[in-house]
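Since the structure comes first, as structure tokens, the remarks are kept for the end.
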Amino acid sequence: MKKLLVLVLAVAFLTAACGGKKPEKKLANPCFEGAPSWVLTPELEGSIAASGSAKIGAAGVQFAKTEAMASGRDEIARIMSVKVKNMVKNFTQQTGVGDDQVVDKVSAQVSKQVANQTLTGSRQKDIWVSPCNELYVLVALDPGSVQQAVKESVRTSFKNEQALWQQFQAKKAQDELDAEIEKEFGR
């Protein structure tokens with residue numbers, strides 16, 4: 001009975017030791033070795049978050065941190081609102097005859113993105129320095145600021161829509177009055 005118990009425990013131990021842990025994924029870039037998950041996938045519950053990075057150079061850590069914060073804020077602004085212009089051009093041409101045929105192909109892609117957003121309450125939430133001396137910051141926009149920005153955006157657009165409607169109504173009334181005067185008095 002003791003031999004059976006020892007055998008069962010040995011099998012259980014070997015099974016747990018061999019199959020319990022999955023091998024860690026090695027990243028192709030050693031600069032991300034030991035990176036927190038937010039470096040590549042910036043998420044922070046209840047907030048809009050982004051990561052920014054900058055190489056630590058001769059100007060020092062503070063300069064790199066400021067640059068990384070600016071990069072993170074740029075990303076948050078693009079998350080909240082972005083205007084995109086995009087163009088893709090493809091050209092393919094075949095010349096020659098038989099075995100002397102040549103195919104030329106040209107493809108061009110151009111994209112322009114512009115963001116204009118006021119970020120009130122954006123702050124650094126975490127910081128990490130990579131083995132390659134790159135500084136990463138997690139930047140987040142306070143949830144209260146996000147709610148306020150959405151409310152302000154809705155209120156501003158409502159007022160703009162209302163003002164445009166009133167201008168349209170006033171112009172329409174003025175045009176009707178001009179038409180009546182023209183009909184009554186002629187020119």
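Computed from heavy atoms alone, side chains included, the values below leave out hydrogens, waters and symmetry copies. Quick caveat, the model's predicted, so the values are computed rather than measured.
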Who passes side-chain contact (heavy atoms from CB on, under 4.5 Å) against [X], sequence neighbours left out?
| X | result |
| --- | --- |
| T92 | V103, K105 |
| Q174 | L177, D178 |
| Q101 | Q94 |
| Q124 | K65, M69, I127, V137 |

Rounded to the nearest 0.5 Å, what separation is found between the [atom1] atom of [X] and the [atom2] atom of [Y]?
| X | Y | atom1 | atom2 | result |
| --- | --- | --- | --- | --- |
| E43 | L138 | CD | CG | 10.0 Å |
| N133 | S130 | CG | OG | 7.0 Å |
| F32 | W128 | CZ | CH2 | 7.0 Å |

Set of side-chain hydrogen bond (donor to acceptor under 3.5 Å, both in side chains) partners for D126, sequence neighbours left out: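 If we apply the side-chain hydrogen bond (donor to acceptor under 3.5 Å, both in side chains) test to D126, skipping adjacent residues, the hits are W38.
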D175: partners by side-chain hydrogen bond (donor to acceptor under 3.5 Å, both in side chains), with sequence neighbours left out: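 side-chain hydrogen bond (donor to acceptor under 3.5 Å, both in side chains) check on D175 returns K171.
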Give the table of side-chain donor-acceptor pairs shorter than 3.5 Å for residues 72-91, with sequence neighbours excluded, one pair per line with atom names and distance.
residue	atom	partner	partner atom	Å
R73	NE	S122	OG	2.7
E75	OE1	R78	NH2	2.9
N90	OD1	S107	OG	2.7

Under 3.5 Å, sequence neighbours excluded: what are the donor-acceptor pairs made by side chains of residues 50-60?
residue	atom	partner	partner atom	Å
S51	OG	V39	O	3.1
S53	OG	E134	OE2	3.4
K55	NZ	C132	O	2.3

Qualifying disulfide (SG to SG under 2.5 Å) pairs with a residue from residues 73-126, counting only residues at least two apart or across chains: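 Non-adjacent pairs meeting disulfide (SG to SG under 2.5 Å): zero.
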Sequence-distant partners of K112, salt bridge (Lys or Arg N to Asp or Glu O under 4.0 Å), two or more places apart: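 Once residues adjacent in sequence are excluded, K112 has no partner under the salt bridge (Lys or Arg N to Asp or Glu O under 4.0 Å) criterion.
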Sequence-distant partners of D104, salt bridge (Lys or Arg N to Asp or Glu O under 4.0 Å), two or more places apart: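 Residues passing salt bridge (Lys or Arg N to Asp or Glu O under 4.0 Å) with D104: none at all.
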Test item: S71 side-chain N/O and E67 main-chain N/O as donor-acceptor pair under 3.5 Å: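 Absent.
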Whichever hydrophobic residues join V102 through chains of side-chain contacts under 4.5 Å: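 Other cluster members: none.
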Atom CD of E45: over 12 foreign heavy atoms under 6.0 Å: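 No, the 6.0 Å shell around CD holds no more than 12 heavy atoms from other groups.
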hydrophobic_cluster_shared for V61 and V139, side chain cutoff 4.5 Å: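 In one cluster: yes.
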